[in-house]
Amino acid sequence: MVDVDKVLDEAGLKNALVRDYVAHWAEVTGAAAIEVVNASDDARLLAEAVAAGELQEAGEGRYYSRSYYKDTARSEERTIVATSNPDDAGAYNNWRPASEMKPLLEEKMRGASQGKTMYVVPYLMAPPGSPLEPYAAGVELTDARTVVLHMIRMARVGVDHINNLADQNSFVRAVHVTGDLESLGHGTDRDQRYFVTCADERTILHFGSSYGGNALLGKIAHGLRQAAYDGFASGKFLAEQFMLLGIVDKETGKKHHIAGGFPSASGKTNLAMTLAPDALGDRYYVEFYGDDIAWIWVDETDGRAYAFNPENGVFGVAKDTNEKTNPTALDSIGANSGAIFTNVAYNEKTGEVWWEGKTKNPPEDLDGWLDWKGEPIAKRGLGEQGEPWAHPNSRFTTSLDNVPNVAKDYDDPRGVPLDAIIFGGRTRDREPLVRAFTDLAEGVYDGMTLGAEATFAAEGVEGQLRYDPMSMRPFMSYNEGDYAKHWLDVLGRATDGPIFAHVNWFQRDPQDGHFLWPGYRDNLRALLWLVDFKNGVAKGTSTPVGFIPTKEELLLEGCEVTPEDLDTILSIDVDRWKQEMGFREEHLAQFDRLPEAIWEAHRRVTNALEDTDS
Ligand code: GTP
Ligand code: SPV
Ligand code: MN
């Protein structure tokens, strides 16, 4: 048996409730050793992970890891929210009673870390000093060293975050046990994996993975699921899968902040890191705040909505990241960044990494190159030649201080005032480049009906068209009707709140499939219009589904879009929209307790479309 008290004393971990929690799970999991982690342990842990073969060197202070080949994305089916209140059940949260799930998870975890070290990772999901700090502290217990190294990049890690809590009990208990990955029955009816958030007990129990949101519990499980629940239960705030950026106008010195929800792998990282198009670069630049999570509240003293990014790093999609699409991301994973790559292709002789879209063609000299499963590319049979080298959900992990356009005030505890909230996703038709609305209920309605193609970020759903409310479908922790009401309540407190817009960079030509809009850096043009619209400088054209820009209002200098494609993305296909309203009606009908204001918005849009000629 490990002498828990001795280890915790030596680590200076004083919070008595944290100590009890650690002792309990040390006993359950049967770990052979316990180690308390601070961010300053990073270099030592990296060296240990390399020596143990868990990480490989990827050149100039960067690292490479490979996860088990069946463990490469979030599992939505195996993710469960468990509470003692059946009213928390919703359409998406796979609600189960806590009384059933807690003993089950404890059983799965019993003895499952034998022979391993259990790392104690105290963390904070907020800039220190924030008004939401009482919801931000947590302690992840994990039996995987690579998970610890990811947590150090993605969250603020150290014992001080929990020793000094005003309420010593206000930390999330987040237990991660890897399990025997090769015998978990992935995707079968004997699947042993369980990713459970016991939201009303602020306890997270994840068993059976070492990858991404399944295992880094500060990020998705706490930063989104738990925090969304806490925000609702306290009535105080929203926790959303949103990127957060600032647009600076060098000419006027003004800055505008925009938060945006796009489903996983649909462009949040790209947008928050974006450079202005060359032709606009003298005047505008974008500052990065966050690429995956924003917590939002209203300060009733000035009536504005504020937001911050609770994370400390980026867990970004590698695919198609290159000098043209996202030079900022490449800088943020440059030499000595300490970046960790997972499931990309790796050259075991040179330490180089590669993924689809990093360069136009893969490296010509195949010597030393291994695909994401560790198989030599040079030995591939004819039938495997077209297989991707990197997994489509392969990622890079790097901390915010490596991101070259990170805003100077990114960790300001007061957050930044929000001017706009946008929703978007991969939609191949119907959705124009941007449509804006000033009405809160219409904005919330638009978020609740966000529909897009699912991506490789989740197991087994890619390409499928589905509704993904506010981009929170996989992270929803309570009832959707209550969720919509909470949005109306929180933002209803603002007297100078954000406007809303829906954006789409992914409309395609029905014949040859090309993207009608060049995307990436050019996306700033749509956001600049939105800022102008908010400030009354642009008036737009009124349509049944919101205001869309006129061609003249969009800054198109240097933009390579054909006039025909531009016409399509700046128009509304009324027939297609009328059909969509029927689907929306069915979609919204799944949610009980949906506020009447949302139904009213739906009826307003439906009627306006009926009154419009196609
Ligand atoms: P998560 O981290 O999974 O929540 O995803 P994310 O929303 O941050 O996704 P990310 O920005 O990493 O984008 C994922 C993919 O979308 C990458 O392969 C990008 O190349 C692609 N992408 C991003 N922006 C655009 C765009 O404007 N146009 C096109 N065509 N593709 C884009
Ligand atoms: C997502 O899938 O939306 C992510 C990555 O941001 S993960 O942390 O794995 O959920
Ligand atoms: Mn995400």
Side-chain angles (χ1 to χ4, degrees), residues 67 71-76 79 147 150-151 153-155 195 206 209-225 240-245 260-274 277 288 290-294 309 311 313-322 324-326 328-329 332 342-343 355-358 388 390-397 423-428 433 452-459 461-462 468 470-475 503-508 513-527 569:
S67 67
D71 183 31
T72 54
R74 277 185 292 100
S75 164
E76 295 187 1
T79 299
V147 169
H150 280 82
M151 280 296 287
R153 283 154 184 72
M154 296 304 299
F195 308 116
H206 279 211
S209 170
S210 68
Y211 191 68
N214 291 343
L216 317 177
L217 303 186
K219 183 177 178 50
I220 300 269
H222 180 166
L224 284 175
R225 281 190 204 99
E240 306 294 329
Q241 190 195 204
F242 285 2
M243 63 90 216
L244 180 61
L245 57 75
F262 309 173
S264 303
S266 303
K268 293 183 300 298
T269 305
N270 278 267
L271 192 61
M273 289 188 175
T274 204
F288 180 101
D291 76 325
D292 203 43
I293 304 180
N309 168 19
E311 301 196 272
V314 173
F315 184 56
V317 174
K319 189 173 190 301
D320 288 330
T321 303
N322 61 50
K324 194 159 179 273
T325 58
N326 196 348
T328 313
S332 73
T342 309
N343 294 342
W355 50 83
E356 274 61 33
K358 182 167 193 262
H391 189 280
N393 190 40
S394 57
R395 297 202 175 224
F396 56 83
T397 310
F423 301 110
R426 294 171 183 268
T427 315
R428 57 178 59 237
L433 179 66
E453 292 153 39
T455 67
F456 279 100
E459 290 172 348
V461 292
E462 64 279 358
D468 188 342
M470 310 268 187
S471 77
M472 284 291 282
R473 177 178 174 137
F475 315 116
V503 300
N504 182 25
W505 326 135
F506 297 93
Q507 198 171 152
R508 288 174 186 258
H514 79 268
F515 288 110
L516 302 184
W517 175 247
Y520 298 107
R521 292 170 69 173
D522 287 300
N523 297 338
L524 184 63
R525 301 174 193 276
L527 302 190
I569 62 177

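Position 1 is the first residue of the sequence, and the numbers go up from there. Start at 1 and go down the list; that is how both ligands and their atoms are numbered.
- Near G519, with a cut-off below 4.0 Å to any heavy atom, the atoms of ligand 1 are 27 (O).
- In F262, neither the side chain nor the backbone holds a heavy atom less than 4.0 Å from any atom of ligand 2.
- With a 6.0 Å cutoff to the six-membered ring centre and a 45° limit on the axis angle, R508 counts as a cation-pi contact of F515.
- Applying the 4.0 Å criterion to heavy atoms of K319 picks out, from ligand 1, the atoms 17 (C), 18 (O), 20 (O).
- Panel note: side chain D468, backbone P263; no donor-acceptor pair is recorded below 3.5 Å.
- Contact of the K268 side chain with the D292 side chain is registered, since non-hydrogen atoms from C-beta on lie closer than 4.5 Å.
- Side-chain atoms of W355 and R395, non-hydrogen and from C-beta on, never get closer than 4.5 Å to each other.
- In this structure, P263 has a heavy atom closer than 4.0 Å to ligand 1.
- Ranking protein heavy atoms by distance to atom 2 (O) of ligand 2, first place goes to R74 NE, 2.9 Å.
- Looking at P474 and T79, their side chains never come closer than 4.5 Å, going by heavy atoms from C-beta outward.
- Of all atoms in ligand 1, numbered sequentially from 1 with element shown, those under 4.0 Å from a heavy atom of R426 are 15 (C), 16 (O), 21 (C).
- Shortest contact from atom 4 (C) of ligand 2 to any protein heavy atom: R395 NH1, 3.8 Å.
- The backbone and the side chain of S264 each have at least one atom closer than 4.0 Å to an atom of ligand 1 (non-hydrogen atoms only).
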Are N326 and T321 close enough, and set up right, to give a side chain to side chain donor-acceptor pair (under 3.5 Å), and what steps lead you there?
CA-CA 6 Å; N326 196 348; T321 303; 5.5 Å; no
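- Here Q241 reaches the Mn ion (ligand 3): one of its N/O/S atoms is less than 2.8 Å from the metal.
- Using a 4.0 Å cut-off to heavy atoms of Q241, the atoms of ligand 1 that qualify are 4 (O).
- Close approach to K219 involves these atoms of ligand 2, each under 4.0 Å from a residue heavy atom: 6 (O), 8 (O).
- Applying the 4.0 Å criterion to heavy atoms of W505 picks out, from ligand 1, the atoms 27 (O).
- A donor-acceptor pair is defined here as one N or O able to donate and one able to accept, closer than 3.5 Å; such a pair exists between the side chain of E356 and the backbone of A390.
- Of all the heavy atoms of N326, none lies under 4.0 Å from any atom of ligand 1, so neither backbone nor side chain is involved.
- Put simply, the side chain of L245 reaches to within 4.5 Å of the side chain of L271, judged on heavy atoms.
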Derivation and outcome, side chain to side chain contact (heavy atoms under 4.5 Å, CB included), residues V314 and T269
CA-CA 8 Å; V314 173; T269 305; 4.1 Å; yes
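- Here the shortest heavy-atom distance to atom 1 (C) of ligand 2, taken over A73, S264, G213, belongs to S264.
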Output, in order, the C-alpha distance, side-chain angles, deciding distance and verdict of side chain to side chain contact (heavy atoms under 4.5 Å, CB included) for K219 and H150.
CA-CA 10 Å; K219 183 177 178 50; H150 280 82; over 6 Å; no
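- Of all atoms in ligand 2, listed by their number and element, those nearer than 4.0 Å to a heavy atom of F475 are 3 (O).
- Checked by atom type and distance alone, the side chain of N214 never pairs as donor or acceptor with a backbone atom of S209 at under 3.5 Å.
- In terms of protein heavy-atom proximity, atom 31 (N) of ligand 1 is nearest to Y520 OH, 3.1 Å.
- Nearest protein heavy-atom neighbour of atom 8 (O) of ligand 1: T269 OG1, 2.7 Å.
- With salt bridges taken as basic N to acidic carboxylate O contacts below 4.0 Å, one links R428 and E453.
- With a heavy-atom cut-off of 4.0 Å, F506 touches ligand 1 through its side chain alone.
- Note that the NZ atom of K358 and the OG1 atom of T325 stand 11.5 Å from one another [nearest 0.5 Å].
- Annotation for ligand 2: atoms under 4.0 Å from non-hydrogen atoms of A457 are 2 (O).
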Under the side chain to side chain contact (heavy atoms under 4.5 Å, CB included) rule, what do T342 and F396 come out as? Steps first, then yes or no, please.
CA-CA 6 Å; T342 309; F396 56 83; over 6 Å; no
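- Contact atoms of ligand 1 toward D320: 18 (O), 20 (O) (distance under 4.0 Å to a heavy atom of the residue).
- Closest to the Mn ion (ligand 3) among the N, O or S atoms of D292 is OD1.
- Under 4.0 Å from ligand 2, not a single heavy atom of Y211 appears.
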Steps toward side chain to side chain donor-acceptor pair (under 3.5 Å) verdict (N523, W517):
CA-CA 9 Å; N523 297 338; W517 175 247; 2.8 Å; yes
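- Between the side chain of N309 and the backbone N or O of A294, no donor-acceptor pair lies under 3.5 Å.
- The distance from ligand 2 to the heavy atoms of G212 drops below 4.0 Å at these ligand atoms: 9 (O).
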Could you walk me through whether N343 and S394 pass the side chain to side chain donor-acceptor pair (under 3.5 Å) test, one step at a time?
CA-CA 5 Å; N343 294 342; S394 57; over 6 Å; no
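- Between S266 and ligand 1 there is a heavy-atom distance shorter than 4.0 Å.
- With hydrogens left out, the protein atom closest to atom 13 (O) of ligand 1 is G267 N, 3.2 Å, a heavy atom.
- Residue N523 approaches ligand 1 through these ligand atoms, each under 4.0 Å from one of its heavy atoms: 27 (O).
- Close contacts of ligand 2 with D292, meaning ligand atoms under 4.0 Å from a residue heavy atom, involve 6 (O).
- The shortest N/O to N/O separation between P518 and ligand 1 does not fall below 3.5 Å.
- A salt bridge links R74 with E76: the closest approach of a Lys/Arg side-chain nitrogen to an acidic carboxylate oxygen falls below 4.0 angstrom.
- Which of Q507, R395, K219, K268 comes nearest to atom 2 (O) of ligand 1 through a heavy atom is settled by distance: it is R395.
- For F515, no nitrogen or oxygen atom sits less than 3.5 Å from a nitrogen or oxygen atom of ligand 1, counting backbone and side chain alike.
- Which parts of ligand 1 touch A265 is read off a 4.0 Å heavy-atom cut-off, strictly below it: atoms 1 (P), 3 (O), 4 (O), 5 (O), 6 (P), 7 (O), 9 (O), 13 (O), 14 (C), 15 (C), 16 (O).
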